[in-house]
Amino acid sequence: MLGENEYMMWLSALGHTSYRKKEMLLRLFGSAEELFKASRSQIERIKGLSEVNINDICGERNEDKLKKYAEKVYLGGIEYIIKGSNYYPELLLECYEPPFGFYVKGDKEVLNEQKISLVGTRKATSYGMAVAHSLGKEFVKNGAVVVSGMADGIDSASHRGALEGEGKTIAVLGCGVNVCYPKTNNILMKKIIQNGCVLSEYPVDERANARYFPYRNRIIAAMSMATIVVEAENKGGSLITANLALDFGREVFAVPGNITSRASEGTNSLIKAGAGVLTSAKDAFSTIGIDEKVEEPKKHLENNEKLVYDCINSEELTLDEITYKTGLDMTEVHLILLNLEMIGSVKRLPGSKYISI
Amino acid sequence: MTVCVDCCGLNGLSGFTVGAEADIRTGLPSFNIVGLPDSSVKESKERVRLAALNSHINFPDDKRIVVNLAPTGLKKEGPSYDLPIVLSILAAAGIIDKKELNKTVFEGELSLDGSVRPVSGILPMALHAVKNGYKRIVVPYENRNEASLAEGIDVIPIENLRQCCDYINGELQIEPYKTDIKAYMEECKTYDLDFADVKGQESVKRALLIAAAGMHNIIMCGPPGSGKTMMAKRLPTIMPDMTFDESIEVTKIYSVAGLIKDSQALISVRPFRSPHHTISNVAMVGGGRIPKPGEVSLSHNGVLFLDEFPEFSRYVLEELRQPLEDGEVTISRVNGTMTYPANLMLAASMNPCPCGYYGYSDKCRCSQNQIIKYRNKISGPLLDRIDIQIEAGGLDYKSVSSTKEGESSADMREKVRKAQLVQAERYKNEVFNYNSRLTPSKIDKYCSLGKEEKALIENVFDRLGFSARSYHKILKVARTIADLEERENISRSDIAEALSLRSLDRSGE
């Protein structure tokens with residue numbers, strides 16, 4: 001049986017009719033179902049519709065085809081959530097052109113939890129990746145769901161951090177939920193579906209398209225009360241997201257970076273323009289409405305472990321430098337670093353460098 | 001009248017006896033060589049005739065001459081048959097004493113003026129002659145050092161055809177040439193390079209030490225100018241000296257490849273080959289119409305260094321798989337199948353990304369895709385054969401300009417030697433000598449772990465995202481580290497260090 005859900009899938013997939021016209025039609029006809037069943041002459045009578053719009057609407061009104069599509073969607077474990085559903089996040093209604101509905105693959109319950117958006121450049125530095133990773137982890141540890149866009153770089157690192165913290169995460173895609181873009185993230189996408197969900201307003205098999213990405217950014221920005229830009233160049237999608245978030249009345253935080261680093265130009269200028277400075281996940285807790293959980297007591301470090309840990313504390317160091325600075329034997333340093341890495345106190349970066357977290 | 005003169009042909013590294021039979025009789029003047037000669041052997045008739053005439057020897061020009069190279073089923077190639085051919089003709093014509101040709105092997109290329117030029121492959125030929133009971137080998141003067149490495153045979157160096165004929169006829173005495181092999185081994189063992197020249201990069205030096213101790217293949221990943229090549233070039237200096245038998249093996253390969261210089265006839269230092277990345281696959285593994293050894297065989301018992309590893313053509317890299325696995329390489333062509341030894345240690349270097357600076361400097365603008373693509377040029381199966389992956393960091397001015405000397409090659413070599421003795425003792429009942437050659441079933445036998453160590457490695461695999469296939473490599477390398485530290489059992493710090501030598505495993509997902 002076809003219901004409003006399925007007719008809405010049809011309506012939102014129409015590619016040659018603008019959002020505003022769709023909205024107007026919905027107002028006039030009351031529901032997508034009525035519009036679907038309306039005769040061509042009824043539609044032709046409406047003012048403001050062009051020839052292209054009318055053909056777009058009347059051309060593809062095949063119930064069998066829609067049924068088949070919907071069947072496929074549900075068999076794939078995908079749900080379609082429309083405005084008015086319990087799972088449609090209220091915050092989303094505050095953005096411009098809130099989606100008529102969106103597809104969700106995975107656990108839809110997470111849509112109702114406290115969320116935080118983490119965004120950033122695809123060409124991230126190892127610093128940005130490490131920060132995104134640890135922020136992702138820190139937020140889920142304190143009960144928030146991490147929202148990002150599953151692109152390369154910062155987005156992926158944020159998702160990975162959330163997954164590592166055994167928390168939930170949501171990826172908002174610029175393609176259908178059955179499509180993995182970029183392809184190299186297919187393992188990550190599977191994990192996200194198991195520990196949260198991916199969502200998209202585009203038909204399930206829609207291929208990635210350059211113009212979809214900036215458009216979906218409004219969803220990322222609107223879904224949470226705060227958007228954190230980890231690293232961004234002077235122009236790019238992450239700054240679009242930040243601006244959108246401001247438009248919707250959300251808080252924007254930027255992670256400061258080296259003033260010489262090109263990947264931090266965008267974030268540093270956001271700070272200059274008055275964005276919140278975020279140096280720890282705690283800085284955003286009150287904005288998104290979560291309380292800091294009692295921190296696990298730091299594991300007691302033994303003498304040499306502490307020596308190594310304190311030595312790394314301030315900067316990125318290579319193994320050779322750590323050995324040199326601490327004056328310990330290299331074999332011992334290996335074991336200490338491994339232990340520290342396992343308890344999560346230091347992180348190894350490409351280039352045999354270590355930073356403390 | 002027919003006379004047979006013995007000489008040697010080569011099939012890979014082993015020789016076979018060839019008899020040059022000459023028959024001279026009256027008839028229409030002609031000169032033919034039969035018995036599957038290749039074109040360089042066929043051309044020999046012009047050289048033979050003119051060399052004899054220019055040496056003022058009465059060449060039987062007016063006779064019908066047939067030379068047969070027996071056995072006729074095997075292909076003969078190269079110019080080393082010139083001397084036996086001309087001698088067989090001269091003996092058949094009664095110009096030289098054929099009785100003196102018994103139990104003697106002759107090798108040499110003739111030049112038109114009658115002088116005898118050096119040929120390649122003398123050592124394997126001489127060794128073959130010794131094995132088959134010959135008492136004497138007549139070789140070109142420039143090959144005398146190389147031939148004298150074969151013990152148990154008199155080496156007679158000759159400079160020209162005239163001299164050779166006089167020697168056979170007893171008109172000239174030539175003393176058998178002898179070299180003091182021991183002195184030779186000692187004399188050649190000096191290196192111009194030393195690890196003491198390397199400032200900083202202690203962790204890479206340590207990795208190379210471990211690699212040399214267990215003969216593990218190693219790949220160094222680092223930005224340009226971090227000293228990867230400099231350090232790789234010093235690898236042979238920390239490997240224990242070759243034994244005489246190993247030296248002979250290597251010298252045979254070089255001899256067949258025609259790379260022996262007379263001044264340094266015995267290859268006594270471990271080979272270090274670093275072919276350019278535009279190398280073809282034939283040059284890498286060996287080949288040709290009649291297969292010749294390639295770079296993998298030329299680095300037998302030594303180091304094959306491949307700089308800019310991902311820049312090599314994919315086919316070339318994939319062909320390394322068999323030699324790395326089996327320690328030898330088998331090449332099949334229409335003209336024969338040959339197996340050359342290729343027991344080598346592979347050292348490779350690569351940049352972390354196409355521009356070279358990923359992870360080391362903000363200069364890097366490579367996208368994640370480019371980096372993945374660059375790294376994927378090295379296939380999984382090939383990477384599987386490389387036990388140690390080490391990242392070489394960039395160097396700063398402080399360490400380069402420091403006056404503190406690094407550890408010297410001699411000290412490092414001593415450590416390697418000790419560790420290899422430990423391994424030799426442990427594996428005395430096995431077919432292999434080094435930890436790197438351990439197979440999974442042997443790993444369970446020789447790399448057993450205590451409770452604590454097992455717990456550590458399990459924990460690490462769970463939490464730090466190592467792939468299962470790196471498990472065995474980590475154990476092998478940990479075994480070598482324990483051997484270096486002269487510990488009987490693998491300890492936790494050995495495992496921690498071995499884990500840090502698998503850096504490429506972790507940079508991905």
Side-chain angles (χ1 to χ4, degrees), chain A residues 121-130 151-157 160 163-164 182-188 191 233 257-258 260-265 316-324 329-344 347-354, chain B residues 200-207 221-223 226 352-353 357-373 376 389-396 398-399 456-457 459-460 462-465 481 484-485 491-501 503-504 506-509:
Chain A
T121 175
R122 282 172 293 158
K123 295 178 183 172
T125 64
S126 49
Y127 161 76
M129 296 290 274
D152 278 333
I154 300 294
D155 284 13
S156 300
R160 289 207 173 97
L163 292 170
E164 199 189 280
K183 275 187 192 145
T184 42
N185 274 346
N186 59 357
I187 297 171
L188 178 66
K191 284 188 190 156
E233 283 160 54
N258 284 343
T260 51
S261 168
R262 227 191 293 181
S264 287
E265 279 174 6
E316 286 180 12
L317 289 179
T318 66
L319 181 67
D320 283 356
E321 286 164 339
I322 297 168
T323 316
Y324 179 74
D329 195 42
M330 198 187 280
T331 46
E332 199 180 351
V333 174
H334 278 299
L335 190 59
I336 293 173
L337 284 173
L338 187 67
N339 282 336
L340 289 175
E341 202 179 350
M342 303 247 288
I343 60 173
K347 191 167 163 52
R348 185 183 163 122
L349 303 176
S352 279
K353 280 188 281 199
Y354 292 85
Chain B
Q201 297 292 28
E202 292 303 323
S203 55
V204 186
K205 274 173 81 174
R206 170 90 183 156
C221 180
S226 53
C353 70
Y357 291 99
Y358 177 71
Y360 297 96
S361 155
D362 290 343
K363 264 189 258 178
C364 176
R365 307 305 296 160
C366 302
S367 71
Q368 204 66 32
N369 263 348
Q370 280 175 305
I371 296 169
I372 289 169
K373 217 166 143 191
N376 279 352
Q389 308 157 348
I390 180 82
E391 286 174 306
L395 275 183
D396 51 6
K398 208 165 55 190
S399 47
L456 174 75
I457 207 163
N459 212 342
V460 168
D462 275 359
R463 302 181 83 161
L464 301 183
I481 297 169
L484 269 173
E485 307 291 326
S491 76
R492 287 170 65 216
S493 66
D494 299 334
I495 291 175
E497 190 170 0
L499 284 166
S500 78
L501 296 175
S503 50
L504 292 184
R506 301 179 50 189
S507 14
E509 161 78 317

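Order of the sequence lines sets the chain letters (A, B, ...), proteins ahead of strands, with each chain counted from 1. Computed from a predicted structure; not experimentally measured.
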Self-check item: Heavy-atom pair with the smallest gap, counting every atom of B:Q201 and B:A392
Solution: NE2-CB, 4.1 Å
Quiz item: Where does A:M342 contact chain B at under 4.5 Å (heavy atoms): side chain, backbone, both or neither?
Solution: both
Quiz item: Relative to chain B, which segment of A:T318 carries a heavy atom at a distance below 4.5 Å: side chain, backbone, both, or neither?
Solution: neither
Self-check item: Option that, when pairs with chain B are counted at under 4.5 Å, heavy atom only, ranks first among A:V333, A:T331, A:T323, A:L337
Solution: A:T331
Practice problem: Mind checking side-chain hydrogen bond (donor to acceptor under 3.5 Å, both in side chains) for B:N376 and listing every partner two or more places apart, or none if nothing turns up? | Solution: none
Quiz item: What part of B:I481 is in contact with chain A, defined as an atom under 4.5 angstrom from a non-hydrogen atom: side chain, backbone, both or neither?
Solution: neither
Quiz item: Is a side-chain donor-acceptor pair under 3.5 Å present for B:S203 with A:D320?
Solution: yes
Quiz prompt | Check: A:T260/A:N258 side-chain N/O donor and acceptor closer than 3.5 Å | solution = no
Exercise. Please determine, by modelled atom types, if B:D494 and B:S491 share a side-chain donor-acceptor pair under 3.5 angstrom.
Key: yes
Self-check item: Heavy-atom proximity to chain B below 4.5 Å, by part of A:N339
Solution: side chain
